[in-house]
Structure formats: C-alpha cells, structure tokens
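Read through the structure below, which is laid out as structure tokens, and then see the notes.
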Amino acid sequence: TANQISIQFLKDATLIDEVFYELKTREQNSAHRDGFDNSDVIYLITPDRFANGNPSNDHFEELGDHLDRNNNQARHGGDIEGIINHLDYIKDMGFTAIWINPLVINQMPRTSYHGYAMTDHYRIDPRFGTMDEYLQLSKLAREKGIKIIMDQVLNHIGLEHWWMKDLPDTNWINSKEKYAITNHRRTVESDPYAAPSDVQKFERGWFVDQMPDLNGEHPLLRDYMVQNSIWWIEEAGLSGIRHDTHPYPGAGFMSAYTCALVNEYPQINIVGEEWSTNPIITSRWQKGNVLSTDLNSCLPSVFDFPLQATLVQSLLQPENWNSGLNNLYELIACDGIYPDPFNLVVFPDNHDMDRFFTQINEDLDLFKIGMTYIATTRGIPQFYYGTEILMSNPKTHDHGEIRSDFPGGWTGDTKNAFSGLNLSVKEKEAQDFTRSLLNFRKNSTALHSGQLMHYAPQNGVYVYFRYNETQKIMVVLNKSDKAESFTPLKYPEMLQGGENGFNVLTNDKIDLKSLSLMPKSAHIIQINP
C-alpha cells in the first residue's frame, strides 16, 4: 500500500522472510513543535518509586528482578498509570513539564528499576505499562498543560540487550573483546592538552560492567539513534529530551546526533548531563559557544551543575565578604561564557545525588531560600519528586535510599503526600510553600523571560531583580541569623525609594521603606508600577 514498504530478506537468492513496514503520517507542523523553555518548571520522576497505579503489572517471571519494596535496589512497582493518576497533583503543585527516568525495557537480572540499562530502545518495560499507556500519559498531560521530556541514553545499553546476542556489526560495541571501564574523565573532551589514550579510555570504556559501551563512531549506529529519537518524538508527542552521560559517546557522535535533531526540530529542547562543577566545561557543550567550535555541538541546553553545587555551598557557609551568598553572586557573574544562560536547567538536586534537604542539613529556612532561588533565577527550574515534602536520605548516600518511595503512591501507605494525610507540620509547610512559589512563577512573565539584575550581597543579604516591560520582581534572600534592614536607595537602577509592592507568597502589601527582613528568610516582591 501507499503507507507500507516491503523489506525482503534473501538467502542464496531465495526469499526467506518479508516484513511490511508502516510509514506513518506526521502530525501537522510537527517539525516546528515547541520544546520546554523558561516558562516551564520540570518535575523529575523515578517511575518505579513514584506511584503504583496498576499492581497487576508488578511481576513478569521471564523478566527477572522481581518486586521487593523492602530492598532499595529491587523494583517497587511504580508505573505509568501511577503517574497518570496523579497528573492533577503535579499540575496543582505548579509543574508544567515532567522528566521521567527511562521507561524502556531493562530486562536485567538485578537493579533494573532505574531504567538506564535498556535492552530494547523501542519497547516500554511491561512493569511500567504499555505503549498505549505511555501515549495516554502524553495525551492527558498535554491536555493539562504539562509537557513530556523523555530520558534517553546514547552511550551504553544493558548487557542483556538483544543486540548482544547477535551484534549488528563487529564494531557496534567498544571494548567487546577485552572489557575496559571508562576513566570517567569528562574533561578530556575539552582539554587542549589531553593525551589521546585518555580520550580513548573515556569514550570507549564501559560505564560499568553491566553496561556495554556503544561505538559512537559507527555511522549506522548514529543513524539508528537519531531515528529512534525522531520516532519517540513523533509517536509520543514529546516536548524535549534529556541526555544521560552526554559527553561519554564523544564529541563526534554527540555533534552528529544533536545537530541532526535540531535540524529536524528547530524549536525542540534537548538538555545534556555534563556533571561538572566548572562552568567553563559545561558551557562548551551549549550550542553557539565560540570557544568550543572543535566540539561543534548543537545542544540547546545543559544542566547547571556548577550552580547546584554553588547553591549548597552558599547556604552552608558562614556569610563573609568572600563566602556564603557571595559564591552565587560570583558564579552568575560568569554567565558570559554561556551562549544562552537562560536556557540552562537549574536544580537543587536530582536522582543521582543526596536529597536537597539532606545536603543542607535538614534546615527548613535554608530550604525555602534555596527553593526560592532556583525558582526565580535565570534558567529552567527542575525539582526531583519528593523535594517538595522534604524527602531525605539521612542514613546513607545509597541511590536506593535517595530514590525512596513517594508516600501515598502505594495502597496501604500510612502517609500520603498527594492528599496531605499524616504529613508532618514541616513537610506540609514545605509543600505549601513550594506550591505557592511555583504557581506564582507559572504566571510571571518576568520570571519566564525577563532580564536579570543583581546587587553584590551585603551582610548576608542578596538582592536581585527579574523584570520586563510589564512586570518587575524583586527577590531578597537574607541568610543572616539576625534581622536586617532594607534600604531601597541601595538599588538605584531598580528602585527610587518610594515604591510599594506585595509579597507574592503571602499576598501582603509591602512598603519597601519599612520592609523588615527576618533572619534566614526569602522574599519575592512584585513592585507596583
């Protein structure tokens, strides 16, 4: 038919099999779909640990790695239906996009719950649900104004991937004859003095012994990965992609891949994981960086790991002329190295690091300051599920503990964060604070696309403004242990001394001349025109 092509398999000139491949019609204007952007707030979900909406898909004997909620490394049963069931909660909290850790099948004997050892790039893991359920999730989320960001891995696969039974080509996998682990030296991709052998060890070594390293130099493998991403974008109506371990396949592979996708979808957003706290390293991967033409990257966005580390450092350090909030001020002052700092993804924590509340020594006041900063600075905010209710990992740094079950996601849970049942006073306070913060941001054009002007911190007080032609937002962070006075005349470019406004989190009217800054507090004030 007009929508099918025939693929014939011959052996010794004899037809042994024939497959009919359907060519589907693209959605109208699909190539110009909008990606996630500065107007969004991203909610990161580890699906196995969020909510179990369909217990009947918990166990498949042939897949192994069975359910055991008492084991942090085993499967716990969260699934796509669990996410669908709580889309209203996600929307009510003020989130407008969901980044979900990989949902494709991981048929591995153990520790497969996280999804990063895929064994088929085109199949949803049955323990998460079906393809139809994933498409339904995308459709229902879109109807609620929530975008879907897919987590994709280009560097490696799971050892049980069907490719490993019969490799498409002898050069499909790096170090397949003699196992070698990567040296994890991501800086070699940017280091002008890097030894070629170090570069080779980084790009061709396996991530771990259960994850074979894909050969990014293979042209057919590159085509496969590009086509796979296009298929998911079209089939599931995606608004963006998150790249795991972005530099590991090497600059050549990542350049070819990102440029192909951006050429196909000029407005889609792709964010890469380059886990470096050095902004010079992270900035080199963003599209348009004139200092990294050797990388030839077309990557629109990167995770701002330097800001995450600096935020925690700033919150924990004592305030001095060269410490505390001054660290944030100095880091943001380096934004000139990014082609587009407003397209960075900023975050307090993620699935691979200690929970934010744990990192800041379970201090609720510091939590509010940090959350306020992430929601109001330049960039696209991302929060990990449970951050809003102070989930923590006090016992260990183990990823299984970090990715604990979201309370209320399982029948019989005594605590339910979706309804608020049995949350502690602090947990409820943090959740309400986050909801108010993000719902204000949802409708604030100044926080979406406004300019930023900040003033050097003084006495533990950091003040910055987000503003455009129609709105001016002032953010005041007081990390001092004592009350501090506020003097409008210290900010002459933004304030003239007689302005009024209102606190967007409390809806209280504010006279800036008499504003009192309580110890360890955050203020978001919309200035009256």
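Keep in mind that the numbers below use all heavy atoms, side chains included, and drop hydrogens, waters and symmetry copies. Predicted, not measured: the structure shown is a model, and the values here were computed from it.
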Might you confirm whether atom CE of Met518 has over 12 heavy atoms from other residues, nucleotides or ligands at distances under 6.0 Å? no
Taking the six-membered ring of Tyr385 (Phe, Tyr or Trp), confirm whether the NZ or CZ of Arg355 is under 6.0 Å from its centre and within 45° of its axis. yes
Find out whether [X] and [Y] are in side-chain contact, i.e. whether some heavy atom of one side chain is under 4.5 Å from a heavy atom of the other.
| X | Y | result |
| --- | --- | --- |
| His243 | Met254 | yes |
| Leu512 | Met474 | yes |
| Ser297 | Asn289 | no |
| His399 | Asp352 | yes |

Determine whether the side chains of [X] and [Y] contain a donor N or O and an acceptor N or O closer than 3.5 Å.
| X | Y | result |
| --- | --- | --- |
| Asp354 | Asn393 | yes |
| Tyr116 | Asp151 | yes |
| Thr310 | Asn327 | no |
| Tyr329 | Ser314 | no |
| Glu235 | Tyr134 | no |
| Thr46 | Asn101 | yes |
| Ser30 | Glu234 | yes |

If I take atom [atom1] from residue [X] and atom [atom2] from residue [Y], how far apart are they, to the nearest 0.5 angstrom?
| X | Y | atom1 | atom2 | value |
| --- | --- | --- | --- | --- |
| Met371 | Leu311 | CE | CG | 10.5 Å |
| Ile100 | Tyr43 | CD1 | OH | 11.5 Å |
| Ser39 | Asn443 | OG | CG | 10.5 Å |
| Phe303 | Ile380 | CZ | CD1 | 9.5 Å |

Anything under 30° is parallel, anything over 60° is perpendicular, the rest tilted; go ahead and classify Trp231 against Tyr122. perpendicular
Classify the angle between the aromatic ring planes of Phe207 and His156 as parallel (below 30°), tilted (30 to 60°) or perpendicular (above 60°). parallel
Candidates Gln152, Glu264, His121 - the one meeting side chain to side chain donor-acceptor pair (under 3.5 Å) with Ser229: Gln152
